[in-house]
Amino acid sequence: MTRFLDLTLNGIANGAIYAAVALSLVLIWRATRILNFAQAGMLMFTTFLAWTVIDHGASYWIGFLVALGSGLLLGAVIERVVIRPVEGAPPLNAVIVTLGLLVCLQALAGMIWGGNPRSFPAAFSIKGYKIGDHVVPFSPSDLFGVLVVAAVLLALLLLFRRTDLGLRMRAAAFAPEVARLLGVRVGHMFTIGWALASMAGSLAGVLVAPGVFVAPNSFDAVLVFGFTAAVLGGLESPPGAVVGGIVVGLALSYVSGYAGASVVTLGALAILVAVLMIRPNGLFAPATARRV
Amino acid sequence: MATRAEPVSRARTLGRVREVTLVRHLTVALAAGVVLYLVSNALSAFDDLQLATMGYYFVAVAGLTVLTGVNGQVSLGHGAFMAVGAYATAKLLGETGQGLPLAVVLVLAALITAVAGVVAGAAAARLRGPYLAGATLALAVGLPSLADRFPKFLGATNGLTVLPSTPPASLGADFPLERWQAWITCLGGLVTYVLLANLLRSRFGRAFRAVRDDEVAAQLAGLHVARTQILAFVVSAACAGLAGGLFVVVTQLAAPGAFQLALSVALLAGVVLGGLGSLWGAVLGAFALVMIPQWSEDLSKGLSLSGNVQANLALAVYGVVLIGVMLAAPRGLAGGLQWVHQQGRRAWSRRKEEER
């Protein structure tokens, strides 16, 4: 029973990170109907930037801000330069372009920082809390992750529901032509969507980095988990992405605990296929979801 | 033709024979075989190894071309199918090579992978575009780690090794092993070419294209969309399995490190670069997959770039190729050549008209 509770806590901690990745995928899907496979490369790159800053003696929080800021910038630049031409093209073209971006970013990071995994510091202690004599696998650092992701979700909901900018973004995503007629700069909205998404991804990067070490391809699996979470949540709704992230985190924690850590990715694949078979629109898609 | 009463002139008979799809593809394959035989004899051992590599890349890229180019289903998981074929081959050959004969093993490897393709295809037939890409991505990332789960059976990180299949004694004692490997993989490539070329010209090939272009219209025309998509997946997986088997013949090793996501991406880059949907494009794509790492190594040595840059240059080129081709020439090299050809013909006919 203790083991089950441990795995549950561990799952929630990991789930928060997958939720952040899922959020970044969902934001881009909402804005441009593109699944951003480059996300793993983008968050890897910004995490490497943060690592470099911290390695040169800056504090963790400066590195944290560098990751988020560079993520914002990277997302905007990528949308303007390489994604804009494939918006509206057949989905296959966008898939191939984002995959090419992923490979480019991984190769670039390999050229700059080499292939050796680097250890990344955590914000707070990674020693689990003590309950009686038992040390649970949930640390102040994990708590920080959960709280930050919750804050990001809240901020996004406020942005989309309560602000003028959020309304414009929603309009641009769901009816680009009408939005354009009403004076919304649709292209700008897409760029902002990508920038915000990329920042959420960067956040996931710095949160997951202490656990996986930073190397050019150490975030591939995180992308798969984030994608699974996003699909579980229906690819449309930010709250769905967060719930999907937690569910995937829990499920994979049990898979890892009871079946072995090496089959975790296949576990994610099984969840993914099962969800897509039974409820192709995910658990949280609105009733009027567009056919894709 | 023999039942016809009127005499048929020899030229017309020849013309008819040439019209038969199988004959035409066999002729092409035979001619290519002769060229490959002559080329492989002229090449050095190292270049023969490159040729052998090209052989198995062609088989895999051609298979993926059928799936992605002709049937419109994207797969980022073909590296995983190659892994299935490679491990099947290594297991069936046995460590000492005392298992079944190589040809039988390769056919079995293709069949085993085809079975895996049925499972994946049945799931894939319900998925579209980005969803399918994501699911196959999970397959590519997840499957190699199975080797760690079953260390006894699949050899964990070190993988399974096999003895090289040596050339028969009748070829002489100093016949280079690399040339023999090139013969095996090129033969595999030619067989794949004939089978796929015929398939694409058949009822099934037309069904593949119809489903890609418009699912509803294909359904109205009486095609079973899901079944067609699964069939394309199975054909494609079988090719990847054969390619994996040929990979083991060349490298004598089946290890998880060789079948990472990078391999799947490289295969897709080959398909995209060659031009989605053309077998000739697959030849160009396979050539590019062998030469890009080679050229980038030469380049980085020539410019004396650092080891990190050298190790990643080929990967960067694949990425740039994927983005660049999609933005600039979505029909790839084969499409580009066709375009040049058309432009040339147009210019030619324009000049003729002017002469008149």
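Lettering of chains follows the sequences in order, A, B, ..., and the numbering in each one begins at 1.
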Asks: Against chain B, label Phe225(A) side chain, backbone, both or neither, depending on which of its atoms sit under 4.5 Å from a heavy atom there.
Replies: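 Answer is neither: Phe225(A) stays 4.5 Å or more from chain B.
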
Asks: At a 4.5 Å cut-off on heavy atoms, which part of Val273(A) comes close to chain B: side chain, backbone, both, or neither?
Replies: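 The answer is the side chain of Val273(A).
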
Asks: Who among Ala123(B), Ala316(B), Gly134(B) has the most heavy-atom pairs with chain A under 4.5 Å?
Replies: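 Ranked by contacts with chain A, first place is Gly134(B).
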
Asks: Does any non-hydrogen side-chain atom of Leu137(B) lie less than 4.5 Å from one of Phe227(A)?
Replies: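 SC-SC contact between Phe227(A) and Leu137(B) ruled out.
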
Asks: Report the option among Leu223(A), Leu108(A), Leu101(A) that has the most heavy-atom pairs separated by less than 4.5 Å from atoms of chain B.
Replies: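 With the most close heavy-atom pairs to chain B, the winner is Leu101(A).
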
Asks: Determine the option with the most heavy-atom pairs under 4.5 angstrom with chain A, choosing from Val320(B), Leu322(B), Asn308(B).
Replies: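 Option with the greatest count: Asn308(B).
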
Asks: Can you say whether Leu105(A) sits under 4.5 Å from chain B via the side chain, the backbone, both, or neither, judging by heavy atoms?
Replies: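 Leu105(A) has no heavy atom closer than 4.5 Å to chain B.
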
Asks: Enter the distance from Asn312(B):CG to Gln106(A):CD here, rounded to the nearest 0.5 Å.
Replies: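 Spacing of CG (Asn312(B)) from CD (Gln106(A)) equals 9.5 Å.
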
Asks: Would you mind checking which part of Ala266(B) comes under 4.5 Å of any heavy atom in chain A, side chain (CB onward), backbone (N, CA, C, O), both or neither?
Replies: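 Neither; nothing under 4.5 Å.
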
Asks: Does any non-hydrogen side-chain atom of Leu99(A) lie less than 4.5 Å from one of Leu268(B)?
Replies: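 Leu268(B) vs Leu99(A): side chains touch.
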
Asks: Looking at CD1 of Ile323(B) and CG of Asn93(A), how far apart are the two atoms once the value is rounded to the nearest 0.5 Å?
Replies: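 Ile323(B) CD1 to Asn93(A) CG: 13.0 Å, rounded to 0.5 Å.
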
Asks: To the closest 0.5 Å, what do you measure between CG (Leu269(A)) and CG (Leu143(B))?
Replies: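 Atom-to-atom, Leu269(A):CG and Leu143(B):CG are 9.0 Å apart.
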
Asks: Is it the side chain or the backbone of Leu102(A) that comes within 4.5 Å of chain B heavy atoms, both, or neither?
Replies: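 For Leu102(A), the contact with chain B is made by the side chain alone.
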
Asks: Of all the heavy-atom pairs spanning Ala138(B) and Leu272(A), show the shortest one and how long it is.
Replies: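 Distance-wise, the nearest heavy atoms are CB-CD2, 4.5 Å.
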
Asks: Which one wins on heavy-atom pair count under 4.5 Å against chain B: Pro85(A), Ala109(A), Ala107(A)?
Replies: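 Greatest number of close heavy-atom pairs with chain B: Ala107(A).
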
Asks: Answer with side chain, backbone, both or neither: which region of Leu132(B) has an atom nearer than 4.5 Å to a non-hydrogen atom of chain A?
Replies: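 No part of it gets close to chain A.
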
Asks: To the nearest 0.5 Å, what is the distance between CG (Leu35(A)) and OH (Tyr131(B))?
Replies: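 Leu35(A) CG to Tyr131(B) OH: 7.5 Å, rounded to 0.5 Å.
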
Asks: If we check side chain to side chain contact (heavy atoms under 4.5 Å, CB included) with Met326(B), which of these qualifies: Val95(A), Val82(A), Ile96(A), Thr98(A)?
Replies: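 Result for side chain to side chain contact (heavy atoms under 4.5 Å, CB included) with Met326(B): Ile96(A).
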
Asks: For Leu139(B), is it the side chain, the backbone, both, or neither that has a heavy atom closer than 4.5 Å to a heavy atom of chain A?
Replies: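 Both parts, backbone and side chain.
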
Asks: At a 4.5 Å cut-off on heavy atoms, which part of Ala133(B) comes close to chain A: side chain, backbone, both, or neither?
Replies: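 Backbone plus side chain of Ala133(B), per the 4.5 Å heavy-atom cut-off to chain A.
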
Asks: If you count heavy-atom pairs under 4.5 Å between each of Thr265(A), Val224(A), Val103(A) and chain B, which one has the most?
Replies: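 Winner by heavy-atom pair count: Val103(A).
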
